[in-house]
Amino acid sequence: MTLSKKAQQIQPSITLAITAKAKEMRSNGIDVVGFGAGEPDFNTPKNIQDAAIEAIKKGYTKYTPASGIVELKKAIVNKFYKDNNLKYNTNQIIVSTGAKQCLANTFSAVLNPGDEVIIPIPYWVSYPELVKLADGIPVFVKTDEKNGFKYTIESLNKALTEKTKMILVNSPNNPTGTVYTKEELREIAEFAEKHDLFILSDEIYEKLIYGESKHISIASLSDDAYSRTIVINGVSKTYAMTGWRIGYAAASEKIIKLMSNIQSHTTSNPNSIAQYASLEALNSDPSDIDNMIKEFKRRRDFMIGRVNSIDNISCRKPEGAFYVMMNISGLFGKKSDEIEIKDSLSFSQMLLEKQKVAVVPGAGFGVDNYVRLSYATSMENIQEGLNRIDQFVKSLN
Ligand code: PMP
Ligand code: GLU
């Protein structure tokens, strides 16, 4: 019997696969250093854990409204106002099982078969697959490391067709760590207005910015931008809550209604206990996460210094998130045990085999000259892993 053609075109998430592989190797006693993880290595703060325990004890263990509890929606409304200068009411908010489900709901609510979504390369692995699942077509726009991996209006104009429906913005970016400036976002918003496009703004790494750059929500730049933007955010990265699975989205009431209808059939409400924990997270003192951010910055600075000290590989300084894109194109043509390093996959495979270091091949993000390293792992692991990468590079001939 034949199976779904659409499902058969969907690639598994390589980021999740590599994280799982490193964990499995470790549990088999192999001394592997994993740079795959896209999740904070810190534990969820205690006040958030306690709120979840309290929720269980109070019996908040039943179905909630499919789009989330109203207390949490109010806290989200408050967060958008305080942090992003965005005014929503609660019927413009949906709470979902991770930002991932918000993204899936958005594409299902907005796209018709054949509609095109502009996505920057490198992209986070799930965007193209989620667009395809909703019968849309991902249209990729290459960005350049020299330009900070950012869209240029020229490149956006080239990607534009009659079918373009939406443009995706992810700042701070996974995998590049790039943070767009207000002026750059304004240009993108004007482009969207000129061509009447929806903007999907994935802001899940909003709080993970190191140094001078500031997070700006593109939706806050004008009334027009506000009305055409779907903002995606969540608690996974900011509060070290990846396993709790709570994300949220804000948009026009019309779009949120469609997303809520879809969600009411696919999963019903997101986990009730995790919703109460997220309420505590959003209401907690913003300075609670300062130490985590300080530690990420320390690791980032060490990692970029160390990568750039190794001959033939390099990286730019990312402003946010917790990833570094390591340019490996200087190694192409070299050999490890007679096997040629010719792309991100051969590099990653040989590195894992020879030095037991797991990285995510850039191919998963649409770029073969790079591999992604996550610094959401301890300083000791980062030092050890980069020493091993150094040895691996030196061993090539
Ligand atoms: N967007 C980006 C850019 C991400 O890196 C992630 C990480 N998983 C997500 C969305 C989804 O996050 P979650 O489903 O854990 O809320
Ligand atoms: N977003 C994280 C990453 O890119 C977590 C894994 C995933 O959801 O793909 O590694």
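Both ligands and their constituent atoms are indexed starting at 1 by order of listing. For the single chain, residues carry numbers from 1 onward in sequence order. The figures that follow rest on heavy atoms only: side chains count, while hydrogens, waters and symmetry mates do not.
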Between the candidates Tyr205, Tyr323, Trp244, Tyr127, which shows the shortest non-hydrogen contact distance to atom 4 (C) of ligand 1? Tyr205
Using ring-ring contact (aromatic ring centres under 6.0 Å, His included), reason through Tyr151 and Phe191 one step at a time and then give a plain yes or no. CA-CA 11 Å; Tyr151 282 134; Phe191 172 84; 8.4 Å; no
Under 3.5 Å: donor-acceptor pair, side chain of Lys62, backbone of Gly59: no
The reported gap from NZ in Lys100 to OG in Ser13 (rounded to nearest 0.5 angstrom) is 4.5 Å
Write out the residue and atom name of the closest protein heavy atom to atom 7 (C) of ligand 2, then the distance separating them to 0.1 Å. Thr15 OG1, 3.4 Å
Purely on distance, is any nitrogen or oxygen of Arg372 under 3.5 Å from one on ligand 2? yes
What do you reckon, are the aromatic ring centroids of Tyr205 and Phe322 less than 6.0 Å apart? yes
Looking only at non-hydrogen atoms, which of Phe322, Trp124, Phe365 approaches atom 1 (N) of ligand 2 most closely? Trp124
Can you confirm whether Lys257 is buried at NZ, in the sense that more than 12 heavy atoms of other residues, nucleotides or ligands lie under 6.0 Å from that atom? no
I need the nearest protein heavy-atom contact for atom 5 (C) of ligand 2: residue, atom name and distance, please. Gly38 O, 3.7 Å
For Asn174, the ligand 2 atoms whose distance to one of its heavy atoms is below 4.0 Å: 1 (N), 3 (C), 4 (O)
Test Asp31 against every option in Arg388, Arg26, Lys356 by the salt bridge (charged side-chain N to carboxylate O under 4.0 Å, His left out) rule and name the one that passes. Arg388
For Asn174, take its heavy atoms, then give the atoms of ligand 1 lying under 4.0 Å from any of them. 3 (C), 4 (C), 5 (O)
Heavy atom of the protein closest to atom 8 (N) of ligand 1 (residue, atom name, distance): Lys237 NZ, 3.2 Å
Please determine whether side chain to side chain donor-acceptor pair (under 3.5 Å) holds for the pair Thr44 and Trp244, giving the CA-CA distance in whole Å, both sets of side-chain angles, and the decisive distance to 0.1 Å. CA-CA 10 Å; Thr44 306; Trp244 300 73; 3.0 Å; yes
Run the contact test for Gly234 against ligand 1 with a 4.0 Å cut-off on heavy atoms, strictly below, and give the result. no
Heavy atoms only, cut-off 4.0 Å: how does Arg245 contact ligand 1, side chain, backbone, both, or neither? side chain
Should Arg316 and Glu319 count as an ion pair when the cut-off is N to O under 4.0 Å? yes
What part of Glu39, side chain, backbone, both or neither, has a heavy atom within less than 4.0 angstrom of ligand 1? neither
Taking heavy atoms and a distance under 4.0 Å, where does Asn173 meet ligand 1: side chain, backbone, both or neither? neither
Using a strict 4.0 Å cut-off to heavy atoms of Ser236, name the atoms of ligand 1 that fall inside it. 13 (P), 15 (O), 16 (O)
For ligand 2, which atoms have a heavy atom of Lys237 less than 4.0 angstrom away? 1 (N), 2 (C), 5 (C)
Between Tyr88 and Tyr226, is the ring-ring contact (aromatic ring centres under 6.0 Å, His included) condition met? List the steps. CA-CA 10 Å; Tyr88 294 109; Tyr226 173 86; 5.2 Å; yes
Do Arg372's NZ or CZ and the ring of Tyr323 fall within the cation-pi criteria of under 6.0 Å and 45°? yes
Would you call the rings of Tyr276 and Tyr60 parallel, tilted or perpendicular, where under 30° means parallel and over 60° means perpendicular? parallel
My understanding is that we take every heavy atom of each candidate and find the minimum distance to atom 2 (C) of ligand 1. Doing that for Val235, Thr242, Asp202, which one comes out nearest? Asp202
Heavy atom under 4.0 Å from ligand 1: found in Tyr123's side chain, backbone, both, or neither? neither
Between Tyr248 and Phe80, is the ring centroid distance below 6.0 Å? yes
Atom 12 (O) of ligand 1: nearest protein contact (heavy atom, Å): Ile204 CD1, 3.5 Å
State the atoms of ligand 1, each with its element, that fall below the 4.0 Å cut-off from a heavy-atom position in Asn170. 3 (C)
Ring centres of Tyr375 and Phe35 under 6.0 Å apart? no
Examine Lys100 against ligand 1 and note whether any of their N/O atoms are separated by less than 3.5 Å. yes
Proximal ligand 2 atoms for Lys100, defined as those under 4.0 Å from one of its heavy atoms: 7 (C), 8 (O), 9 (O)
With a 4.0 Å cut-off on heavy atoms, is Gln101 touching ligand 1? no
Any nitrogen or oxygen of Thr97, main chain or side chain, under 3.5 Å from a nitrogen or oxygen of ligand 1? no
Would you check the N or O atoms of Ala99, main chain and side chain alike, for any that come under 3.5 Å of an N or O of ligand 1? yes
Tell me if the centroids of the rings in Phe107 and Tyr127 come within less than 6.0 Å of each other. no
Which residue supplies the protein heavy atom nearest to atom 9 (C) of ligand 1, what is that atom called, and how far is it? Trp124 CH2, 3.4 Å
Answer yes or no: are there more than 12 heavy-atom neighbours, outside Asp223 itself, under 6.0 Å from its atom CG? no
Only heavy atoms of Tyr323, strictly under 4.0 Å: list the atoms of ligand 2 that pass. 2 (C), 3 (C), 4 (O), 10 (O)
For Ser13, counting its heavy atoms only, list the atoms of ligand 2 lying under 4.0 Å from any of them. 9 (O)
